[in-house]
Number of protein chains: 2
Amino acid sequence: MKLDKTDRKILALLQRDASLSASDIAERVNLSQPPCWRRIKRLEEAGVIQRRVALLDQRLLGLNVTVFARVKLSAHGKKSLPEFEQQIGDIPEVLECHTVMGDYDFLLKIVTRDIDAYEVLFRTRLSQMPTVQEIHSNAAISRIKITTELPLEDGQLKT
Amino acid sequence: MKLDKTDRKILALLQRDASLSASDIAERVNLSQPPCWRRIKRLEEAGVIQRRVALLDQRLLGLNVTVFARVKLSAHGKKSLPEFEQQIGDIPEVLECHTVMGDYDFLLKIVTRDIDAYEVLFRTRLSQMPTVQEIHSNAAISRIKITTELPLEDGQLKT
DNA sequence: TTTGAAACACGGACCAA
DNA sequence: TTGGTCCGTGTTTCAAA
């Protein structure tokens, strides 16, 4: 799928504010509504636009703690990776889990109500996973920047 | 602001799929459409629903590399924190920047097209910031889990 | 909570460049 | 192939019972 400049403009607008209507966007990219709508549809069908979601305020929901946990699996545990991935998927407090290169195996982003809730999660679930050898937890104190907007400027993308 | 069970159900639905209409949601939470719509509006006005965004497919956009960078500022650099935060905010490839407790000061999540693009970003921007003393970069190989859905189940929230 | 009306957005048919 | 105009349908939004 190839994306021209107009497509990228549309994507940039939508990943900033998905409540914009097709005609709002049409106006900003100098198109009339139907062709603009067709482009959006096409981007959705191609999967470039994965989904539309509401972002909630963590603080207002009382979810005050974000922890980054670096996890190392035991040597034999690496055979049962699917099991580990399955278990991680089942913990709603784990927002992200990435396999990383370097001195540890996974980086997890975890959100809980407070430190106590994290401690419980850590003790009863994370450290209980049979494959886990070692976990280093680092609590985040403040969010300097946090966005879901991917960089779409020229030169950062393959088109 | 207090949230009852119905509010939390609405939030759970919207943070999974913001394309649901007010009547779709009304149906699933056993309400008629207008009161359901009023609740959504109220949640938006209170800021619990911060915004609605489109999530794009990183791979399809050719953004194949995610790097987590651990940054340490120089001792005197900690005075000019606002400057650092400003500069971070201006780099679109930096999606997240958290202040963390522990052996380093910040954790950054960075997305680029490929390793070369990261190297350029690292050399020309990140390592050039006058306040930065040390950066450890860890490339993420695969995404096991990645979601923007906050955990809303009972007991995880203050209501 | 239900009804309903006005405004608006969506999405198809069809034509022009 | 891509954009434009026209128009029917459904949704949102909000007032009134």
Side-chain angles (χ1 to χ4, degrees), chain A residues 1-57 60-61 147-159, chain B residues 1-57 59-63 148-150 152 154 159:
Chain A
M1 161 147 211
K2 53 180 191 163
L3 304 169
D4 64 15
K5 223 160 189 168
T6 305
D7 287 323
R8 269 177 282 148
K9 257 181 151 175
I10 291 172
L11 291 172
L13 289 166
L14 278 177
Q15 72 171 343
R16 183 155 297 165
D17 183 1
S19 71
L20 292 170
S21 70
S23 42
D24 288 335
I25 293 168
E27 200 179 322
R28 290 174 210 213
V29 299
N30 299 316
L31 276 171
S32 64
Q33 185 258 332
C36 181
W37 179 82
R38 278 197 291 267
R39 277 175 185 264
I40 295 170
K41 190 93 184 279
R42 181 170 138 267
L43 292 166
E44 278 167 351
E45 274 160 11
V48 179
I49 298 173
Q50 284 186 317
R51 53 210 307 231
R52 290 152 186 264
V53 302
L55 299 181
L56 310 184
D57 188 301
L60 290 178
L61 291 166
T147 180
T148 55
E149 285 177 45
L150 299 175
L152 297 183
E153 281 77 41
D154 282 345
Q156 286 154 8
L157 290 185
K158 90 163 160 228
T159 53
Chain B
M1 161 145 210
K2 52 179 190 161
L3 305 170
D4 63 17
K5 223 160 190 169
T6 304
D7 287 323
R8 269 178 281 147
K9 258 181 151 173
I10 291 172
L11 292 172
L13 288 166
L14 279 177
Q15 72 170 342
R16 183 155 298 165
D17 182 2
S19 70
L20 292 170
S21 71
S23 42
D24 289 334
I25 292 168
E27 200 180 322
R28 291 174 210 212
V29 299
N30 298 317
L31 235 58
S32 62
Q33 187 256 338
C36 181
W37 178 82
R38 274 197 294 273
R39 278 176 186 261
I40 295 170
K41 193 90 186 279
R42 182 170 137 266
L43 291 166
E44 277 166 352
E45 274 160 10
V48 179
I49 297 173
Q50 283 187 318
R51 54 210 306 230
R52 290 151 186 265
V53 302
L55 300 181
L56 310 184
D57 188 300
R59 288 275 167 74
L60 290 178
L61 291 166
L63 295 165
T148 56
E149 288 177 43
L150 299 175
L152 296 183
D154 283 343
T159 52

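Note on naming: letters A, B, ... go to the chains in the order of the sequence lines (proteins, then strands), and numbering restarts at 1 for each one. Not measured: the values here are computed from a predicted model.
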CZ of B:R28 to SG of B:C36, rounded to nearest 0.5 Å, is 11.0 Å

With sequence neighbours left out, what residues match A:R42 under salt bridge (charged side-chain N to carboxylate O under 4.0 Å, His left out)?
A:D7

Could you give the start and end, 5' to 3', of the contact zone on DNA chain D for chain B, using atoms under 4.0 Å from its heavy atoms?
D:dT11 to D:dC14

Would you mind reporting whether A:D17 and A:D24 have side-chain heavy atoms less than 4.5 Å apart?
no

I'd like to check the side chain to side chain donor-acceptor pair (under 3.5 Å) partners of B:S23; sequence neighbours left out, ordered by chain and number.
B:S21

With the side chain counted from C-beta on, respond yes when A:L61 and A:D57 share a heavy-atom pair under 4.5 Å apart, and no when they do not.
no

Tell me every residue that passes side chain to side chain donor-acceptor pair (under 3.5 Å) with A:E27, counting only those two or more places apart in sequence or in another chain.
none

Tell me, which of residues 12-19 of chain B have any heavy atom that sits under 4.0 Å from an atom in DNA chain D?
none

Go through the structure and list residues passing side chain to side chain contact (heavy atoms under 4.5 Å, CB included) with A:A22, not counting sequence neighbours.
A:Q33, A:W37, A:I40

Under a 4.0 Å heavy-atom cutoff, the residues of residues 42-52 of chain B touching DNA chain C are none

Does A:R16 have any side chain to side chain donor-acceptor pair (under 3.5 Å) partners at least two apart in sequence or in another chain, and if so, which?
A:E149

Of all residues at least two apart in sequence or in a different chain, which pass the side chain to side chain contact (heavy atoms under 4.5 Å, CB included) check with B:T148?
A:V53, A:L55, A:T148, B:L55

Expected string for nucleotides 2-17 of chain C under the B/S/- scheme (protein heavy atoms, under 4.0 Å, primed atoms plus P, OP1, OP2 as sugar-phosphate) is BB-----SSBB-----

Compute the bend angle of the helix from C:dT1-D:dA17 to C:dA17-D:dT1 from the end axes (five pairs per end), rounded to 10°.
20°

Can you list the residues that meet the side chain to side chain donor-acceptor pair (under 3.5 Å) rule with B:D4, with sequence neighbours excluded?
B:R39

Once rounded to the nearest 0.5 Å, what's the spacing between atom CD1 of B:I49 and atom CD of B:Q15?
9.5 Å

Once you round to the nearest 0.5 Å, how far does CG of B:L63 lie from CG of A:L152?
7.0 Å

Is any side-chain heavy atom of B:L60 closer than 4.5 Å to one of A:Q50?
no

Going from CG on B:L56 to CG on A:L43, what distance comes out if it is rounded to the nearest 0.5 angstrom?
9.0 Å

